[in-house]
Amino acid sequence: MAAEPHRSEHPRGAGRRSGSYRSWVRRDQDVVWHGFTQMSCFADNEPLIIDRAEGRELIDVDGNRYLDAISSLWVLTLGHRVAELDEALVDQVGKISHSTCLGNGNTSTIELAEALAPRVPVAQPHFLFASDGAAATEQALKIAFQHWKNLGVPGRTTYLALGGAYHGDTVGAISIGAGGFGTDIFDPLRFPVVRAPGYYDETWADQACALIEDRGDELAAVMFEPLVQGAAGIEVTDPASVGRLVEAAQRAGVLVIADEVATGFGRTGALFASERCGILPDIMAIGKGITGGYLALSATVVTQKVFDSFLGPDLSERTLYHGHSYGGNALACAVAKRHLELIDEWDVLGNVAARADQLARRLHTDFADHPAVRAVRHVGLMAGVELGPPTSGLSWGRRVCAAAVRRGVLLRPLGDVVVLMPPLTITEDELDRILDTLAASIQEVAATE
Ligand SMILES: *Cc1c(COP(=O)(O)O)cnc(C)c1O
């Protein structure tokens, strides 16, 4: 396992806000535009300005430490500055950092695809690499659409998607996505899809299966996040329901796209959530944890059958005319390959199982019946604690997370859901620290009402 971070010399939490910190915030605000952030109050919200990290702790410009309990927005798996990943990166820098994957290959990209091939729950997989999750889901949508064109099958021009779905921020991805997060502005641009309810509705699978039965001939594909809808606020379903959806889709000849950008690489306790659901998607999108949180890399994985539908004469219209500049980046692929090995060498999934038990136990004993908590939801090391403020508009999610940050645990809410997404190598003590901090932060905020 990664070395324990030594913690003595720096305070935990936002102990000190120096002139240097204020200056960094000013400089940031002058030139950087932060995603999902209202820049007019960026500085007022006391943003962390991170300078470095050690293990699972981030260290800010004042030397304050924060346990990274959101895995740097769900990408971090083993921890920051893992010696083995650093070494893989440096070794690759000594060879080449990047060469294009359009029409040509790179040994680093090939070796990663070979290493992933026997591990992904996709039959005879082929990998189209990109850099972000949204690029991987967007590719999946285009591939599914063109697949039917290539086969000469008319009419399969729309998609089945779920309520609560999140597949990224690009225009295709927000069309499949359920809305919210300010995407309503783009409604005139979002293409229509067939929509079933999300995992918040117990009957979601029945309704989705019925829609497939009714409108299967119109559907190029069904796209969903297996087991957990992360951005919806960690909404969870059971593996059997996902299995039923996939069965209905495959019976109707509808392509199955599993978006494992959040659930992939161990987060749910298996390497991929599709394995827990017993499904074999036709197309899978992976990203986030693929490089352990080091570098931007994603991929769209397709079966041999889907891949073959794109084969034809050179320069013919069967070709997939799509590919990003940095897709299959050699540095990212080298780190991703070493990361996949470390997941096995360190028995990371063993730790996820043990910590997931601990997390489930404590969520139910300490949080589920708390008067300030409406619900707790979890799978593996993905959890949501939904707060129940007495009235709306109190920003409890925001305020509880700010209180946790002051105590040295980095949390970030989705509305009033506090998301817990610890690194997969989190220790028993660290997980207790996250939960103790969350409990104290909820107490602090609830006491003010
Ligand atoms: C985060 C996420 C995406 C988008 O990934 P980016 O790398 O942020 O573009 C897509 N799908 C799911 C399920 C996600 O959680």
Side-chain angles (χ1 to χ4, degrees), residues 33-37 70-77 128-144 159 161-183 186 190 193 198-200 221-237 242 256-268 272-274 276-277 279 281 283-301 324-329 332 336 377 379-384 412-415 417 419-421:
W33 190 348
H34 292 265
F36 284 100
T37 303
I70 51 166
S71 294
S72 289
L73 240 298
W74 315 0
V75 299
L76 191 73
T77 59
L128 177 63
F129 290 103
S131 302
D132 288 282
T137 56
E138 197 81 23
Q139 289 179 166
L141 295 174
K142 287 179 68 179
I143 289 168
Y159 305 86
L162 303 184
Y166 181 77
H167 300 291
D169 300 336
T170 54
V171 173
I174 63 173
S175 300
I176 305 292
F181 293 112
T183 57
F186 299 103
R190 293 169 72 205
V193 301
Y199 299 162
Y200 51 81
V222 51
M223 187 169 192
F224 58 93
E225 301 150 80
L227 218 50
V228 189
Q229 293 184 314
I234 317 293
E235 293 286 351
V236 170
T237 190
V242 177
V256 171
I257 306 175
D259 179 355
E260 291 241 22
V261 171
T263 49
F265 297 96
R267 226 31 96 179
T268 70
F272 296 100
S274 293
R276 294 198 54 178
C277 300
I279 62 169
I283 303 176
M284 195 166 90
I286 54 179
K288 287 198 170 115
I290 187 171
T291 61
Y294 264 55
L295 287 153
L297 182 70
S298 67
T300 310
V301 192
H324 292 280
S325 309
Y326 279 98
N329 176 261
R377 296 181 288 270
V379 173
L381 283 180
M382 304 175 83
R412 190 183 151 88
L414 285 161
V417 178
V419 175
L420 303 175
M421 193 85 65

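Everything numeric in this text was worked out from a predicted model, so none of it was measured. Note that ligands are numbered from 1 as they come in the structure, with each ligand's atoms numbered from 1 the same way.
Side-chain atoms of R276 do not come within 3.5 Å of backbone N or O of P226 as any donor-acceptor pair. Between the side chain of Q139 and the backbone N or O of A130, no donor-acceptor pair lies under 3.5 Å. Under a 3.5 Å cut-off, the side chain of T37 and the backbone N or O of G35 do form a donor-acceptor pair.
Set against the non-hydrogen atoms of A262, the atoms of ligand 1 under 4.0 Å away are 15 (O). The contact set between ligand 1 and D259, taken as ligand atoms under 4.0 Å from a residue heavy atom, comprises 10 (C), 11 (N), 12 (C), 13 (C). The ligand atoms of ligand 1 that sit less than 4.0 angstrom from a heavy atom of A134 are 4 (C), 5 (O), 6 (P), 9 (O). Contact atoms of ligand 1 toward G168: 4 (C), 10 (C) (distance under 4.0 Å to a heavy atom of the residue).
Minimum interatomic distance between K142 and Y159 (heavy atoms only, all atoms of both residues): N-OH, 4.4 Å. Between A336 and L297, the shortest heavy-atom contact is CB-CD2, 3.9 Å.
The part of V261 lying near ligand 1 is the side chain, judged by heavy-atom distances below 4.0 Å. The side chain of E225, and not its backbone, has at least one atom closer than 4.0 Å to an atom of ligand 1 (non-hydrogen atoms only; side chain from C-beta on).
Here the protein heavy atom with the shortest distance to atom 6 (P) of ligand 1 is G133 N, 3.4 Å. Here the protein heavy atom with the shortest distance to atom 15 (O) of ligand 1 is K288 NZ, 2.6 Å.
For atom 8 (O) of ligand 1, the protein comes within 4.0 Å by no heavy atom at all.
In this structure the side chain of R377 reaches within 4.5 angstrom of the side chain of V417, judged on heavy atoms. L128 has its side chain within reach of I143: a pair of non-hydrogen atoms, C-beta onward, lies under 4.5 Å apart.
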